[in-house]
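Here, residue 1 is the first one in the sequence, and each next residue gets the next number. Atoms considered below: every heavy atom in the structure, side chains included; atoms not considered: hydrogens, waters and symmetry mates.
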Amino acid sequence: MNPARQENIQQENCLDVKEIDCEFLPLIHDILKRVEKDPSDASSKNKESIEVGNKIQELNRKLEKAKEQVRVLRGIDLNPEEQKLQLTALKNQLALKKELIQKYKSFATVTNFLEAQKTGSGGGVAGITVNGGSGAGSGASLNGSGNATTAQAADSEN
């Protein structure tokens, strides 16, 4: 299986941190509240004991589910160095995209953009091209999916 396909499958199975259900405090509060109640008669104690046991089992299930969700978090399989490298690459990609956005915002109309293309600037920013446009410089470009690539990587794919 190629790495890109494998990465897509992993991303489909991955959760985001915001999707993890980690609301444990209400359950813990209920358990403590019921334990603190100390009913005087035996039948009430038995009933409270059963209810506390059920709440504890519910808390255990919720904890196990949270553990499973944490195991499939995106990036959890990367070590800290790999995470830092990935973060740096994403920050660089973001900076390139912001630079492109600013470049295209500076064109007041489509006519200005077309004029810039005709004069030979190529629509690129500091050697950055979009979708194979021409530009001078480092050879970095953004492909159709918005991912930064280098001219060498593009040549090796062709």
Side-chain angles (χ1 to χ4, degrees), residues 1-34 52 54-158:
M1 184 181 295
N2 67 14
R5 175 74 176 134
Q6 190 174 19
E7 185 177 323
N8 286 341
I9 291 171
Q10 288 174 347
Q11 286 181 353
E12 290 172 5
N13 294 337
C14 291
L15 289 176
D16 194 16
V17 174
K18 295 175 185 174
E19 297 171 354
I20 294 178
D21 182 18
C22 56
E23 291 291 322
F24 307 119
L25 288 180
L27 274 173
I28 294 171
H29 180 264
D30 284 346
I31 292 169
L32 292 175
K33 189 170 65 172
R34 291 179 188 272
V52 168
N54 290 339
K55 290 286 184 181
I56 290 173
Q57 287 176 351
E58 184 179 347
L59 178 61
N60 284 335
R61 281 191 300 271
K62 205 165 195 176
L63 285 169
E64 288 302 316
K65 183 178 178 185
K67 285 180 188 178
E68 290 173 15
Q69 289 174 332
V70 167
R71 286 185 192 111
V72 296
L73 276 176
R74 190 175 313 122
I76 199 77
D77 56 334
L78 301 175
N79 64 36
E81 293 81 26
E82 291 171 329
Q83 289 177 358
K84 286 178 185 176
L85 288 173
Q86 188 178 27
L87 180 61
T88 302
L90 290 172
K91 283 182 179 181
N92 290 339
Q93 187 180 29
L94 179 63
L96 289 172
K97 288 180 179 183
K98 283 182 177 180
E99 193 175 343
L100 282 172
I101 289 171
Q102 289 305 316
K103 169 80 174 183
Y104 293 121
K105 278 185 178 178
S106 69
F107 295 123
T109 63
V110 173
T111 308
N112 291 348
F113 175 74
L114 294 174
E115 286 298 319
Q117 287 283 352
K118 287 179 184 176
T119 60
S121 71
V125 177
I128 299 169
T129 60
V130 177
N131 294 334
S134 64
S138 66
S141 67
L142 294 178
N143 61 22
S145 65
N147 296 323
T149 61
T150 62
Q152 294 169 343
D155 289 340
S156 67
E157 291 177 2
N158 292 334

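Within the model, atoms CG of L94 and CG of L87 stand 10.5 Å from one another, a figure rounded to the nearest 0.5 Å. With rounding to the nearest 0.5 angstrom, the NZ atom of K84 is 11.0 Å from the NZ atom of K91. Taking CD1 from I20 and CG from L73, the interatomic distance works out to 4.0 Å, rounded to the nearest 0.5 Å. Note that CD of E99 is 9.5 Å distant from NZ of K103, once rounded to the nearest 0.5 Å. Note that CG of L59 and CG of D30 are 10.5 Å apart. Values are rounded to the nearest 0.5 Å. In this structure, the separation between NZ on K62 and CG on D21 is 4.5 Å, given to the nearest 0.5 Å.
Among all heavy-atom pairs drawn from E82 and D77, the shortest one is OE1-O, 4.4 Å. Nearest heavy atoms, R71 versus I76: O-CG2, 3.4 Å.
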Passes side chain to side chain contact (heavy atoms under 4.5 Å, CB included), I101 versus K105? Steps please. CA-CA 6 Å; I101 289 171; K105 278 185 178 178; 3.7 Å; yes

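Taking E64 as the reference, K67 meet the salt bridge (charged side-chain N to carboxylate O under 4.0 Å, His left out) condition, with sequence neighbours excluded.
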